[in-house]
Amino acid sequence: MEIVENLNTIKSSLKEGVKLVAVSKTKPAEDILLLYNNGHKVFGENKVQELVDKYEKLPKDIEWHMIGHLQSNKVKYIASFVELIHGVDSYKLLKIIDKEAKKYKRIVKCLLQIHIAEEETKFGFDMQEIDQMLADREFINLNSVKICGLMGMATFTDNYDVVRHEFKNLKKYFTQLKNNYFYNFDSFKELSMGMSDDYPIAIEEGSTIVRIGSSIFGSRNYN
Ligand SMILES: *Cc1c(COP(=O)(O)O)cnc(C)c1O
């Protein structure tokens with residue numbers, strides 16, 4: 001099967017220790033099952049409704065990652081099962097994830113999304129906002145969430161110098177935040193960056209989690 005081959009090819013090219021999130025958005029549950037039956041259990045979706053539908057249909061030991069923009073009023077639908085939320089972009093959202101996770105006695109892992117791209121359309125914190133959020137250390141009291149690192153998306157461009165520069169910046173911010181706020185937190189160690197077109201660069205620049213969709217499942221049709 002082609003998508004199984006695609007997955008295996010990508011997996012074998014990844015540096016050891018880099019986690020692959022297979023981004024299955026818009027793709028049918030059968031495609032996911034095919035990869036699952038070949039031993040892959042980590043999948044990412046960017047829409048809450050689609051994530052919930054697939055969670056309900058598919059084996060319960062799949063590790064689900066929410067990679068898209070998450071509205072706070074929808075956290076309640078995924079809090080019982082989601083493994084890692086990549087796109088936390090406000091303190092308000094972090095607090096709501098904490099509250100909802102508590103109801104299930106779970107700890108939901110989160111990444112803070114940083115705005116690294118030149119484009120204005122991408123969500124995320126800038127570094128000043130992160131400092132404001134972390135400086136008073138109030139976040140330490142949120143014990144049903146665990147901040148595990150950062151996530152970022154590079155500019156959509158075929159100028160790979162720009163892309164590399166943005167990934168370098170994200171890594172720099174990671175190191176800065178690690179030193180300033182998370183030095184004693186072993187769990188703050190993840191850098192989610194890299195998609196189909198740019199993951200080899202992202203890995204060279206220190207990515208620990210890549211989110212790959214179209215190179216595995218083929219291109220998406222949004223109609
Ligand atoms: C769709 C998506 C991806 C995967 O994109 P591909 O180019 O298909 O690999 C990765 N990250 C996020 C946040 C996405 O929305």
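Atoms within a ligand are numbered from 1 in the order they appear, just like the ligands themselves.
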Show every donor-acceptor pair shorter than 3.5 Å between a side-chain atom in residues 70-83 and any protein atom, with sequence neighbours excluded, or say none if there are none.
| unit_1 | atom_1 | unit_2 | atom_2 | d |
| --- | --- | --- | --- | --- |
| Gln71 | OE1 | Lys74 | NZ | 3.4 |
| Ser72 | OG | Lys92 | NZ | 3.3 |
| Lys76 | NZ | Asn73 | O | 3.0 |
| Glu83 | OE2 | Lys109 | NZ | 2.9 |

- Query: Just wondering, are more than 12 heavy atoms of other shown residues or ligands nearer than 6.0 Å to NZ in Lys47?
  - Reply: no
- Note on the structure: Heavy-atom proximity to atom 12 (C) of ligand 1, picking from Ile216, Ile67, Val23, Asn46, points to Ile67
- Message: If you apply the rule side-chain contact (heavy atoms from CB on, under 4.5 Å), what do you find for Phe125 with Gln113, and how did you get there?
- Response: CA-CA 6 Å; Phe125 287 105; Gln113 182 171 1; 5.6 Å; no
- Query: Do the side chains of Ile107 and Ile97 join up, straight or via other hydrophobic residues, at under 4.5 Å, putting them in one cluster?
  - Reply: no
- Lys60 NZ/CZ over Tyr55 ring centroid, <6.0 Å and within 45° of normal: yes
- Message: Quick test: of every protein heavy atom, which one is nearest to atom 14 (C) of ligand 1, and how far off is it to 0.1 Å?
- Response: Lys25 NZ, 3.0 Å
- Message: Show the atoms of ligand 1 that are less than 4.0 angstrom away from any heavy atom in Arg211.
- Response: 4 (C), 9 (O), 10 (C), 11 (N), 12 (C), 13 (C)
- Of all the atoms in ligand 1, which lie at a distance below 4.0 Å from a heavy atom belonging to Ile212? 9 (O)
- Can you list the atoms of ligand 1 that are under 4.0 Å from a heavy atom of Gly213? 4 (C), 6 (P), 8 (O), 9 (O)
- Message: Can you classify the ring geometry of Phe182 versus Phe188 as parallel (below 30°), tilted (30 to 60°) or perpendicular (above 60°)?
- Response: parallel
- Task: Indicate, as side chain, backbone, both or neither, the part of His86 found under 4.0 angstrom from ligand 1 when only non-hydrogen atoms are considered.
- Result: neither
- Note on the structure: For atom 9 (O) of ligand 1, the closest protein heavy atom turns out to be Ser196 OG, 2.5 Å
- atom 5 (O) of ligand 1 sits nearest the protein heavy atom Met195 CE, 3.5 Å
